[in-house]
Amino acid sequence: MEKRITGHTELLGLIATPIRHSKSPVMHNAACRALGLDYAYLAFDIQPDQLEDAVKGFKALNVRGWNVSMPYKTSIGQYLDHITPIAKMCGAINTVINDNGVLTGTITDGTGYMNALKDQGIDIIGKKMTIVGAGGAATAIVMQAALDGVKEISIFNIKDASWNRALENVEKINSQTKCKAQLFDLNDHETLRKEINESAIFTNATNVGMGKLEGQMVLPDTSYLRKDLIVSDVIYMPEKTKLLEEAEKVGCQTINGLGMMLYQGAASFKLWTDQDMPIDKVKEALD
Ligand code: SKM
């Protein structure tokens, strides 16, 4: 690594807090090493009152680009020059591109999710999806899925603070894409069962299954699952959530959140370097 860094090496990065757990530095540095690109990617743990200074500093230092994670995905936009239509639709930014001092914000989480499905040979275009959640990950997924041509999306959420965001997401999808979206209460188990039965894929885009909620799942029980249903989770730590464990027992094809993480990074990497991330090499580095 040290041999690689010279007086010419340029910087890529990631801002968030907390962020030391992130897999992004390993991913991006492995990709740069494999391609012989003269960049180094570092994680910066930035406090909320430092966000504006951090953006100004990155601009002054001519940092080529950086990822943005929680809690800054919705607040960084005010410091940028341009925001792409998909980032506007999602109300969030996870990638900033610095073109000689002109800063553009976009979001790659949704394409990351869709490409992770493709990587597993899963095609949901023209099909129906049921998803639980209305936070950042859920929003990015449903917007990109709708734009890519998923036919119907049924969103389930509890009536918490993100219910209104879910309602807005549904309105945006229905008015700006050809996809038909609907929002339901996660406690309406009869409808949940019906919507899952009609879907090709069921996705958990909440944090149920990780941290303090490890061992729990968003479904009341496994009778909602069937063998030919694809079950995906945005969580990758633990590698296998309770939902994915149960789905596997039923015989479902399952996919955890690591692919989404990998492919959102690949999309950011392409925007900064104009190169395709060498996925196999990066997967090796993540093992
Ligand atoms: O959107 C991504 C972000 O680009 C990087 C990241 C990480 O490194 O943990 C997580 C997601 O928020």
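At distances below 3.5 Å, not a single donor-acceptor pair connects side-chain atoms of N256 with backbone N or O atoms of K240. Side chain of N174 to backbone of A181: a donor-acceptor contact under 3.5 angstrom is found. Using a distance-only test at 3.5 Å, with no hydrogens or angles considered, no donor-acceptor pair links the side chain of T203 to the main chain of A205. With R226 contributing its side chain and V250 its backbone, the two residues share no donor-acceptor pair below 3.5 Å. Side-chain atoms of N98 come within 3.5 Å of backbone N or O of G101 as a donor-acceptor pair. Side chain of Y236 to main chain of G259: no donor-acceptor pair is present (N/O by atom type, distance under 3.5 Å, no hydrogens or angles).
The shortest side-chain heavy-atom distance between I76 and I15 falls under the 4.5 Å cut-off. Within the 4.5 Å cutoff, no side-chain heavy atoms of L42 are placed close to those of W66. Residues V282 and V26 are not in side-chain contact: their nearest non-hydrogen atoms beyond the backbone lie 4.5 Å or more apart. Counting heavy atoms from C-beta outward, C32 and L35 have side chains that stay 4.5 Å or more apart. Considering only heavy atoms from C-beta on, I155 comes within 4.5 Å of V170 through its side chain. Side-chain contact between V96 and T104: absent, with no pair of heavy atoms (C-beta onward) separated by less than 4.5 Å. Side chains of V150 and I124 form a contact here, defined as non-hydrogen atoms less than 4.5 Å apart. Contact check for L117 versus I255: side-chain heavy atoms found under the 4.5 Å cut-off.
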Exercise. Kindly determine whether D119 and K283 satisfy side-chain contact (heavy atoms from CB on, under 4.5 Å), including the steps that lead there.
Key: CA-CA 12 Å; D119 184 66; K283 277 184 183 167; 3.2 Å; yes
Self-check item: Full working for side-chain contact (heavy atoms from CB on, under 4.5 Å) between L186 and V132
Solution: CA-CA 8 Å; L186 185 59; V132 183; 3.8 Å; yes
Practice problem: Apply side-chain contact (heavy atoms from CB on, under 4.5 Å) to K172 and M143, showing your working. | Solution: CA-CA 8 Å; K172 279 189 201 166; M143 294 304 179; 4.0 Å; yes
Exercise. Go through the steps to decide whether R64 and D99 satisfy the test salt bridge (Lys or Arg N to Asp or Glu O under 4.0 Å), and finish with yes or no.
Key: CA-CA 7 Å; R64 170 63 181 133; D99 289 310; 2.9 Å; yes
Self-check item: side-chain contact (heavy atoms from CB on, under 4.5 Å) assessment of M217 paired with T222
Solution: CA-CA 10 Å; M217 63 175 187; T222 55; 4.2 Å; yes
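For the residue pair N94 / Q264, a side-chain donor-acceptor distance below 3.5 Å is found, with atom types taken as modelled. Side chain to side chain, N67 and S268 meet the donor-acceptor criterion of an N or O pair below 3.5 Å. Side-chain N/O atoms of S232 and Y113 include a donor and acceptor closer than 3.5 Å. With no hydrogens or angles considered, a side-chain donor-acceptor pair links R193 and S223 at under 3.5 Å.
Grouping the Ile, Leu, Val, Met, Phe, Trp and Tyr side chains by contacts below 4.5 angstrom, directly or via other members, places M237 with I19. Put simply, I230 and M260 are part of the same group of oily side chains (I, L, V, M, F, W, Y) that touch within less than 4.5 Å, one to the next. Connection of L271 to L147 is not established within any shared hydrophobic cluster, with ILVMFWY side chains joined at heavy-atom distances below 4.5 Å, either directly or through further cluster members. Both F184 and V218 belong to a common hydrophobic cluster when Ile, Leu, Val, Met, Phe, Trp and Tyr are linked at side-chain heavy-atom distances under 4.5 angstrom. By the rule that hydrophobic residues join a cluster once side-chain heavy atoms approach within less than 4.5 Å of another member, V208 and I141 end up as members of separate clusters.
The existence of a salt bridge linking K249 and E246 is confirmed by a sub-4.0 Å separation between a basic side-chain nitrogen and an acidic carboxylate oxygen. Ion pairing between E52 and K56 holds under the 4.0 Å rule for side-chain N and carboxylate O. Between K194 and E198 there is a salt bridge, since a side-chain N of the basic residue sits under 4.0 Å from a carboxylate O of the acidic one. Ion pairing between a basic and an acidic side chain is recognised when a charged N comes within 4.0 Å of a carboxylate O; K242 and E214 show no such pairing. Taking the charged nitrogens against the carboxylate oxygens, R165 and D160 have no contact shorter than 4.0 Å, which rules out a salt bridge. One finds a salt bridge joining K73 and D109 here, because a Lys/Arg side-chain nitrogen approaches an Asp/Glu carboxylate oxygen to under 4.0 Å.
Enclosure of atom NZ in K127 by more than 12 non-hydrogen atoms of other residues, nucleotides or ligands within 6.0 angstrom is indicated. Counting non-hydrogen atoms of other residues, nucleotides and ligands closer than 6.0 Å to CD of Q216 gives a total above 12. Within 6.0 Å of CD in E190 there are 12 or fewer heavy atoms belonging to other residues, nucleotides or ligands.
The minimum heavy-atom distance between A40 and I5, with the atom names listed, is CB-CD1, 4.2 Å. Pairing each heavy atom of A145 with each of I153, the nearest pair is CB-CD1, 4.0 Å. The heavy-atom pair separating I173 from T177 by the smallest distance is O-OG1, 2.7 Å. Closest of all the heavy-atom pairs between S199 and L229 is O-CD1, 3.5 Å. Here the shortest heavy-atom pairing between L225 and V231 reads CD2-CG2, 3.9 Å. Scanning both residues, G105 and A87, for their nearest heavy atoms gives O-CB, 4.0 Å.
Between H28 and W272, the two ring planes are tilted [angle within 30° to 60°].
Rounding to the nearest 0.5 angstrom, the gap separating the CD1 atom in I131 from the OG1 atom in T139 is 8.5 Å. Between the CG atom of L51 and the OH atom of Y79 there is a distance of 5.5 Å, given to the nearest 0.5 Å. The OG1 atom of T95 sits 11.0 Å away from the CG atom of L12 when rounded to the nearest 0.5 Å. Summarising the geometry, atom CG belonging to D185 is positioned 10.0 Å from atom CG belonging to L192; distances are rounded to the nearest 0.5 Å. Taken to the nearest 0.5 Å, the OH atom of Y39 stands 8.5 Å off from the CZ atom of F269. The distance from atom OG1 of T74 to atom CE of M70, rounded to the nearest 0.5 Å, is 6.5 Å.
By the side chain to side chain donor-acceptor pair (under 3.5 Å) test, E195 is found to be paired with K128, S154, residues two or more places apart in sequence or in another chain being considered. Evaluation of the side chain to side chain contact (heavy atoms under 4.5 Å, CB included) rule for K118 yields N115 as partners, not counting sequence neighbours.
Between Y224 and F202, a ring centre-to-centre spacing not shorter than 6.0 Å is recorded.
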